[in-house]
Colleague: 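Quick one: the structure is below, questions incoming.
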Amino acid sequence: MPESKSTAEDVSPEKEHEFEWLIRPCHIYNEEYKDCKSIRARFHQYFIFGEMLVCDQWLTDYNNCYLWNKYKNEDAYENLIASEKQRRMRRLKGHYDNDVWQKRDKPPENWNAPLPAWLEEKRQKSYLKSISEELKEKPSQKVAESSRGKFCIIM
């Protein structure tokens with residue numbers, strides 16, 4: 001039997017760009033680049049890491065995003081997706097490297113059991129419970145109106 005070769009017509013547009021959901025709006029990449037290069041961010045980077053971080057990837061991602069959105073450039077799409085996947089893996093590295101806790105396949109059997117009596121009694125006297133009851137009595141009023149005078153704003 002001859003092998004069937006995949007052509008451009010065989011690949012659906014949905015399957016071809018299945019990771020497009022990873023791409024942020026282009027202005028986000030530009031804002032991240034500007035923030036990374038700001039004096040405040042540079043001071044923070046030096047304080048935390050002992051050196052200033054390289055911000056060029058944000059600019060590269062912005063340019064790739066622009067090329068993808070404006071011209072549907074496939075190379076820009078691939079580079080942007082690779083960058084987002086790498087950024088995501090870096091962010092989740094601690095989660096994947098965690099060997100202290102055993103990961104579950106399903107929730108514990110008693111996950112929705114009733115609270116112990118002492119905790120239920122404490123919950124009945126809580127501030128959140130009183131606010132919840134207050135809002136249930138006056139559903140038409142907004143949260144800010146019902147708790148007027150309870151906020152402290154520091155300028």
Side-chain angles (χ1 to χ4, degrees), residues 5-108 110-112 115 119 122-123 126-136 138-155:
K5 294 185 179 179
S6 171
T7 62
E9 295 90 28
D10 295 339
V11 179
S12 67
E14 300 86 32
K15 195 69 173 166
E16 188 175 323
H17 299 118
E18 68 180 317
F19 294 109
E20 192 169 7
W21 62 270
L22 283 172
I23 299 175
R24 307 170 194 204
C26 294
H27 69 91
I28 301 287
Y29 296 110
N30 195 27
E31 288 173 11
E32 289 284 353
Y33 176 70
K34 287 179 181 178
D35 181 53
C36 185
K37 294 294 258 186
S38 72
I39 293 172
R40 178 176 180 237
R42 291 302 192 182
F43 180 74
H44 179 75
Q45 293 163 9
Y46 188 74
F47 182 78
I48 298 297
F49 304 109
E51 62 185 6
M52 292 184 227
L53 302 179
V54 178
C55 303
D56 297 339
Q57 188 60 46
W58 289 113
L59 183 60
T60 303
D61 290 345
Y62 171 71
N63 292 332
N64 284 332
C65 183
Y66 176 78
L67 290 173
W68 169 246
N69 284 328
K70 182 86 171 171
Y71 303 109
K72 295 299 180 200
N73 184 315
E74 291 295 326
D75 291 334
Y77 171 80
E78 293 298 328
N79 291 336
L80 190 54
I81 295 300
S83 174
E84 283 294 339
K85 284 182 177 180
Q86 182 182 23
R87 187 174 292 121
R88 188 174 191 179
M89 286 307 295
R90 237 179 310 159
R91 184 175 60 84
L92 296 174
K93 184 179 184 331
H95 168 72
Y96 290 125
D97 290 348
N98 181 8
D99 60 354
V100 174
W101 303 105
Q102 180 181 8
K103 293 183 173 61
R104 296 183 181 146
D105 319 3
K106 58 184 179 174
N110 65 345
W111 70 271
N112 61 348
L115 294 174
L119 192 55
K122 189 175 181 179
R123 188 181 72 86
S126 75
Y127 176 72
L128 291 176
K129 175 76 172 173
S130 66
I131 293 297
S132 173
E133 294 298 324
E134 185 180 320
L135 290 175
K136 285 179 185 175
K138 309 175 212 171
S140 63
Q141 290 184 345
K142 295 181 182 175
V143 175
E145 292 174 358
S146 68
S147 56
R148 187 173 304 162
K150 296 180 184 177
F151 295 110
C152 176
I153 300 174
I154 300 173
M155 297 182 147

Colleague: Nearest heavy-atom pair of Asn30 and Tyr62: which atoms, and what distance?
Modeller: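 Smallest interatomic distance, heavy atoms only, reads CB-CD1, 3.7 Å.
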
Colleague: If you take all heavy atoms of Arg42 and Cys36, which pair is closest and at what distance?
Modeller: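 Where Arg42 meets Cys36 most closely, the heavy atoms are NE-O, 3.6 Å.
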
Colleague: Does some side-chain heavy atom of Asn69 sit less than 4.5 Å from a side-chain heavy atom of Cys26?
Modeller: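 Yes; the side chains approach each other to less than 4.5 Å.
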
Colleague: List the atom of Cys65, the atom of Ile23, and the distance in Å for their closest heavy-atom pair.
Modeller: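 For Cys65 and Ile23, the tightest heavy-atom pair comes out as SG-CG2, 4.2 Å.
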
Colleague: Quick one: does Arg91's side chain get under 4.5 Å of Arg87's, heavy atoms only?
Modeller: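 With C-beta onward as the side chain, the pair stays apart.
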
Colleague: Which pair of heavy atoms, one from Asp61 and one from Tyr29, lies closest together, and at what distance?
Modeller: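 Here Asp61 and Tyr29 meet closest at CB-CD2, 3.6 Å.
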
Colleague: Thinking salt bridges, do Arg88 and Glu84 make one under a 4.0 Å N-O criterion?
Modeller: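 Salt bridge absent between Arg88 and Glu84.
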
Colleague: Could you tell me if the side chain of Lys37 sits less than 4.5 Å from the side chain of Leu59, heavy atoms only?
Modeller: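 In short, these two side chains do not touch, never coming nearer than 4.5 Å.
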
Colleague: Are any of the side-chain heavy atoms of His17 and Glu74 separated by less than 4.5 Å?
Modeller: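 His17 reaches Glu74 side chain to side chain.
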
Colleague: So, for Gln45 and Leu53, which heavy atoms are closest and what is the spacing to 0.1 Å?
Modeller: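 Scanning both residues, the minimum pair turns out to be OE1-N, 3.1 Å.
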
Colleague: Tell me whether Lys103 forms a cation-pi arrangement with Trp101, defined as NZ or CZ under 6.0 Å from the six-membered ring centre and within 45 degrees of its axis.
Modeller: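 Output no; distance or angle outside limits.
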
Colleague: Less than 4.5 Å apart, side chain to side chain, heavy atoms only: is that true for Lys34 and Trp58?
Modeller: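 The answer is no, as the side chains (C-beta and beyond) never meet within the 4.5 Å cut-off.
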
